[in-house]
Every structure is written in structure tokens, then in C-alpha cells.
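By convention in this document, chain letters (A, B, ...) are assigned in the order of the sequence lines, proteins followed by strands, and residues within each chain are numbered from 1.
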Amino acid sequence: MSNKEHDVTRRQFLNYTLMGVGGFMAAGLLTPMVRFAIDPLLREEKGGKMVDVMAVKDITTEPQRKTFSIDKVDGWHKFKEQKIAYIFKKDNGEIMALSPVCTHLGCTVSWNDDPAHPNQFHCPCHGGRYTKDGINIPGTPPPAPLSVYEMKVKDGRLYLGAEKPRGGA
Amino acid sequence: MLQKVYDYIDERLDITPLWRDLADHEVPEHVNPAYHFSAFVYCFGGLTFFTIVIQILSGMFLTMYYVPDINNAWDSVYYLQNQVAYGQIVRGMHHWGASITIVMVFLHTLRVFFTGAYKKPRELNWIVGVLLFFVILGLGFTGYLLPWDMKALFATKVGLQIAESFPFIGDWIKLLLQGSDIVGAQTLARFFAIHVFFLPALLMGLMAAHFLMIRRQGISGPL
Ligand code: HEM
Ligand code: FES
């Protein structure tokens, strides 16, 4: 057969085979390494265990600051992570547990420590404020309400789990 | 699209001659296994380079998880191998690749020796080659300590005692490498620095010199 009967020239054929084989080898090398590097992106979050934080009968309508610790696994490092929750009963009697992590840039808010704005959560970093229910007050920096902890009540004790964000407002 | 990007750059920087120079470089008949199968021995240099590329790439990725600290090194290697996706493969590439690299360097050296390619005017490149060989052995030695298991510890103790047996300055070499009076925290930190910064930098410099000299002198003629 002569070259003229084919649509592919010898040069093209060599180009394609070289690029094909080279591409195959490069992909074989890089795929495992790239997948290895992006592992944190594709890891599924494991729901942690709920932790016993306080007795339900001690919960008041005034937010109380409670600390508790959860078992945290960070790669090869296992440790107890300290958590803070502001726990109170809403007017309708429902229990609420707020995370004090400011939704602006992550500073820690405190309850009722700003004399100019009593009975609010206040963030020291850029003056973010939230109502008692953790709703961000318009005109202050935070873009969303404080996260709430997942909770359950068992045998008169309050257990807290992961914090759930409540979307932007 | 790609062609357009290429043309845009080429129009401004005239990059075609840069790669054309390599692409049009003819492979002499006596080193081309397509003509004489026995010419495959001329592939070992390129294969050494290929395995070094694998070592550098897989090593860079390993450092994303590895930590050079006596309390965490072993756990970090265990984690990256068993918990991270493809960890076993990436560590395996580096682990087996290290041995294959050394085998390839050795075979390449044998080829150069038995074809007499080290003779004038290529003596300087033989010297650079020997330095490359030592740098690669150094990478193997310093890398071996990093997983911080028993095998790593005792292999390093033995290696350091070999260094200690060097006449006159042996004690001094050992202390310098060990960084302490025992194989411990400071040894691991040092070996890590040598393994991932100092020797790879040297390796790349020497490889550049090696290849420039080959381009300058051409490959040695047939037997
Ligand atoms: C010719 C080049 C190289 C050789 C021969 C080599 C050799 C080795 C060896 C023998 C080990 C022990 C592996 C094991 O026992 O599983 C090791 C570990 C390691 N190397 Fe290299 N290496 C090279 C280049 C590099 C480079 C360029 C880097 C980083 C930029 C690197 C990073 C590492 C790391 C982080 C470890 C510890 C992780 C582990 O042990 O699996 N290596 N190397
Ligand atoms: S971090 Fe709280 S207001 Fe900016």
C-alpha cells in the first residue's frame, strides 16, 4: 500500500502514538499523586458523638456559657477539642445552644458584655452583634446568624453535637 | 485554541527553535534499539532520569502529609499510607522507585564503562556522573531514616558507624550528620532537610551540568 491511500501521514501517526503513549504514562503517574493531594476535599465528614453538657433542669432563660470537649481526629493527631456553647430556654420553652463563633471572621462572641448594648451577643473584633436568639443585627458586620448545636435530651441531660450554620440573612 | 495560544507566544518570544533543537536532534544509529536491539543499554541514562523525575514528584507529594518529628513521623507515614486515597501507591512509588533509581544509575554506569565512553574528551562528565551517583546514594540513605521505624533507626545507626570509621575525621562526620550524641530528634530533622532540600538541589544542578556536557560533546561513537 502506498502512503497516498491513507488519510494519516507517517508523521501524524508517529505524533499520535507518541502523544498517546506519553499521555498515558503521564496520566498513570499523576493520577494517584493528584488524588492523594486532594484527599482532604473528598473526605466525608464523620458525625461526631453527642456529648453530655449539662442537666436540663439547670437551663435558664438567661444564656449560660458552658464548655465541653469533643474527641477530634486531625489526620494522625487525636485530641480533645474544647467547645463553648451558650445555652438557654427560649420564651416558648425550647432549648437553644448557640456556637460563639462569629459568622463575620470567626472571633469569639460573648453574652451581654457590652454595656452600650445589653442582652445581646457581642463580638470584640469588629463590633458584630446578635440578638439573644443569635440573629445578626443589621448594620453590624456579621452576615449570618450564629450557628446552633445539634442537641438531644436524654434522662434529663442535654447532649450537644455538631454546629449547624443557619444560612445568610 | 491551543494552536492560537502557542502562536501568540511564539510570535512574541520565538520559542519554536528552543524545542525544535531537541526534537530535530538525531538519535545516532548505534544507540537506537530499533536498528540494533543491543543498543537498549543506551537507554539506562534516560531511564535513570525518568525514575528521578518519579522520585522528585512522589517525594513532593509525600511531604504534604509527612512530618519530620520523632513523635509524629511514624504516625504521619502510617496515616498517609493507610488513610489517604492512593497513599499506598504514592509511597510505594517512592519506596520502590528509590531502589530502581539506584539500579538504573548502576546499569548506566556499567554501559558507560564498557563502551569506554568515559575516555577523553568526556572525563569531566564521568566525574559529574560519579558525583551524581553519590548524591543519589545520599538520598537513599537520608530518606531511609524518615519513616522512623525500627528498621530506619538501626540502618541509620549502622550507616553512621560506617561514616565514623573514616580515617581521622570519622567522629566529626558522624556528629555532623547525627546532629546530636544519639540518633534522635535532631538527626531526623537534619536528615529530612538534607533529603528534601540540600541533595535534590545538588542533584538538579549536577544533572543540568551532565546534560549540557552531553549536548556539547555528543554521544560517544560506536565500539
Ligand atoms: C533520587 C532521589 C530520591 C531517592 C533515591 C529517595 C529515597 C528515599 C527513600 C529510600 C525513602 C524511604 C522510603 C521508605 O522506606 O518507604 C524516602 C523517603 C522519603 N522521601 Fe525520598 N528520595 C529521593 C528524592 C526525594 C525528594 C526530591 C523528596 C521531596 C521533595 C523526597 C521526600 C521524601 C519523604 C517526605 C520521605 C518520607 C516518607 C516515606 O518514608 O514514605 N524524596 N526517600
Ligand atoms: S469577627 Fe466578629 S465582627 Fe468581625
- request: I would like to know whether B:L80 and A:F36 meet side chain to side chain contact (heavy atoms under 4.5 Å, CB included); could you show each step before the answer?
  value: CA-CA 9 Å; B:L80 75 82; A:F36 178 79; 4.0 Å; yes

field: Atom NZ of B:K4: over 12 foreign heavy atoms under 6.0 Å
entry: no

query: Can you tell me how far CG of A:D39 sits from CE of B:M64, rounded to the nearest 0.5 angstrom?
result: 11.0 Å

message: Would you say OH of B:Y86 has more than 12 non-hydrogen atoms from neighbouring residues, nucleotides or ligands within 6.0 angstrom?
response: no

- prompt: Do A:R43 and B:Q83 come close enough that some side-chain heavy atom pair is under 4.5 Å?
  reply: yes

- prompt: Is the number of heavy atoms from other residues, nucleotides or ligands under 6.0 Å of A:K90 NZ greater than 12?
  reply: yes

message: Using heavy-atom distances under 4.5 Å, tell me whether B:I89 contacts chain A through its side chain, its backbone, both, or neither.
response: side chain

OH/B:Y35: more than 12 non-hydrogen atoms of other groups inside 6.0 Å: no

field: More than 12 heavy atoms from other groups under 6.0 Å of CZ on A:R65
entry: no

message: Heavy-atom cut-off 4.5 Å, strictly under: side chain, backbone, both or neither for B:Y79 against chain A?
response: side chain

- prompt: Is it true that atom CG of A:L41 has more than 12 heavy atoms of other residues, nucleotides or ligands lying nearer than 6.0 Å?
  reply: yes

message: For B:F198, I'd like to know if atom CZ has over 12 heavy atoms of other residues, nucleotides or ligands within 6.0 Å.
response: no

message: At a 4.5 Å cut-off on heavy atoms, which part of B:V67 comes close to chain A: side chain, backbone, both, or neither?
response: side chain

- request: Give, for atom NE2 of A:H77 and atom CG of B:N71, the distance between the pair rounded to the nearest 0.5 Å.
  value: 10.0 Å

field: Heavy-atom check, side chain of A:W76 versus side chain of B:V77, under 4.5 Å
entry: no

B:F50 and A:M25, any side-chain heavy atoms less than 4.5 Å apart: yes

statement: The reported gap from CG in A:L29 to CE in B:M93 (rounded to nearest 0.5 angstrom) is 5.0 Å

- request: Under 4.5 Å heavy-atom distance to chain A, tell me which part of B:Y65 shows up: side chain, backbone, both or neither.
  value: both

- prompt: Taking everything shown except A:R11 itself, do over 12 heavy atoms lie less than 6.0 Å from its CZ?
  reply: no

- request: Would you check if B:L57 and A:M33 make a side-chain contact, meaning some heavy-atom pair closer than 4.5 Å?
  value: yes

statement: Okay, B:V90 and chain A: the region with an atom under 4.5 Å from a heavy atom over there is side chain

- prompt: Non-hydrogen atoms of chain A under 4.5 Å away: do they reach the side chain of B:M60, the backbone, both or neither?
  reply: neither

